[in-house]
Amino acid sequence: MSMAMQKSSRTPTKNSKEEPASFFETVYAIVRKIPRGRITTYGAIAEAAGTRLSARMVGWAMNAAGHAPVRVPAHRVVNRNGMLTGRQHFATPTLMQELLEQEGVKVENDQVVEFEKLFWAPPVKS
DNA sequence: TGGGTGACACAAA
DNA sequence: CTTTGTGCCACCC
C-alpha cells in the first residue's frame, strides 16, 4: 500500500496558546482528552471537530500524529466497529493492543471488548 | 493552482 | 453473513 509519501512533513504552526492552528491540531487536542482506559471513534472525533461528514480526515490526522510535537494517544481511537484499524500504523502491529490492554481495555480479535461501554464521547468543539 | 491521498462510514449486492 | 463501491474533506507537493 504505502509506497510514495513516506515522509509526510507537516506544519506544526506552534502557537503559544491552545488554539489549534489547523484541523489536525484540533483532532490532536480531542484525542489527548480521551481519558485513560477509554476509547472513541474516528467519526465521533470528526463530529466533535466539526467535520462529521469526513471521518477520514481524523485518520489522516492520526497518520500525521505520529510526528506530532506532543504524543497523541492514537491507540485510544478505533473505528466505528471498535476495531483496531490503525494498529498496522503503529511501531508494531501489536503495540496498539498492548497499550489498550495496559489501560485495562480488553481487546479480542483486533476488536475492543465492550467497546460501547468504554466509548468516550468527545466534547463538541466550540 | 490543482490533484492526489486516506488509521472511515455507509449503502448496496 | 461478506464483499464492493462511493462520498467526504483537510492537508501536502
Side-chain angles (χ1 to χ4, degrees):
Chain A
M1 285 62 151
S2 53
M3 31 179 81
M5 87 151 287
Q6 55 242 97
K7 214 192 313 184
S8 70
S9 48
R10 166 186 152 284
T11 325
T13 323
K14 56 282 222 91
N15 261 350
S16 307
K17 306 207 163 173
E18 278 287 306
E19 187 174 328
S22 61
F23 175 77
F24 279 32
E25 293 193 4
T26 305
V27 174
Y28 299 156
I30 296 172
V31 176
R32 278 191 243 119
K33 286 173 185 170
I34 304 176
R36 202 162 184 271
R38 292 279 188 161
I39 54 173
T40 189
T41 67
Y42 299 95
I45 296 173
E47 187 177 357
T51 57
R52 61 179 175 172
L53 297 178
S54 267
R56 276 183 161 187
M57 302 298 14
V58 179
W60 185 253
M62 295 276 88
N63 187 3
H67 72 70
V70 183
R71 191 161 94 103
V72 181
H75 60 276
R76 295 177 186 155
V77 185
V78 296
N79 73 345
R80 201 58 174 104
N81 287 311
M83 196 176 281
L84 284 63
T85 47
R87 75 182 175 150
Q88 189 66 285
H89 272 254
F90 280 76
T92 58
T94 55
L95 179 60
M96 186 174 185
Q97 179 172 341
E98 302 255 331
L99 291 172
L100 286 174
E101 289 183 341
Q102 260 185 12
E103 301 185 355
V105 180
K106 294 182 181 174
V107 179
E108 272 187 30
N109 204 11
D110 298 336
Q111 191 170 340
V112 177
V113 180
E114 308 222 85
F115 144 77
E116 295 185 11
K117 194 196 275 192
L118 297 176
F119 175 77
W120 174 80
V124 181
K125 208 257 179 192
S126 318

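Order of the sequence lines sets the chain letters (A, B, ...), proteins ahead of strands, with each chain counted from 1. Below, all heavy atoms of this structure are taken into account, side chains as well, without hydrogens, waters or symmetry copies.
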Could you tell me the separation between the CZ atom of A/Phe24 and the P atom of C/dA10, rounded to a whole number of Å? 11 Å
Any non-hydrogen side-chain atom of A/Met62 less than 4.5 Å from a side-chain atom of A/His89? no
Does A/Val77 reach the side chain of A/Ile34, with side-chain heavy atoms less than 4.5 Å apart? yes
Protein-nucleotide distance (A/His67, atom NE2; B/dA7, atom P), rounded to Å: 14 Å
Choosing from C/dC11, B/dA9, B/dA7, which nucleotide comes nearest the side chain of A/Met62? B/dA7
Closest listed nucleotide, where the reference is the side chain of A/Arg80 and the choices are C/dA10, B/dA9, B/dA7: B/dA9
Would you check if A/Leu84 and A/Leu100 make a side-chain contact, meaning some heavy-atom pair closer than 4.5 Å? yes
Expressed as a whole number of angstroms, how long is the span from A/Trp60:CH2 to B/dG3:C1'? 13 Å
Checking B/dA9, B/dA7, C/dC9 against the side chain of A/Met57 (C-beta onward), the nearest is C/dC9
A/Glu47 CD - C/dC8 C1' separation (whole Å): 15 Å
When A/Val112, A/Thr40, A/Leu118 are each screened for side-chain contact (heavy atoms from CB on, under 4.5 Å) with A/Val78, the one that passes is A/Val112
Just by distance, do the side chain of A/Asn109 and the backbone of A/Gln111 share a donor-acceptor pair under 3.5 Å? no
Side chain of A/Arg56, base of C/dC8: donor and acceptor closer than 3.5 Å? yes
Considering every strand and a 4.0 Å limit on heavy-atom distances, what is the contact class for A/Ala61: base, sugar-phosphate, or nothing? nothing
A/Asn63 CG - B/dC8 P separation (whole Å): 11 Å
Could you tell me the separation between the CZ atom of A/Arg76 and the C1' atom of B/dA7, rounded to a whole number of Å? 17 Å
In whole angstroms, the gap separating P of C/dC11 from CD of A/Glu25 amounts to 10 Å
Given B/dA7, C/dC8, C/dA10, the nucleotide with the shortest approach to the side chain of A/Ser54: C/dC8
Calculate the interatomic distance between A/Leu99 atom CG and B/dA7 atom P; express it in whole Å. 19 Å
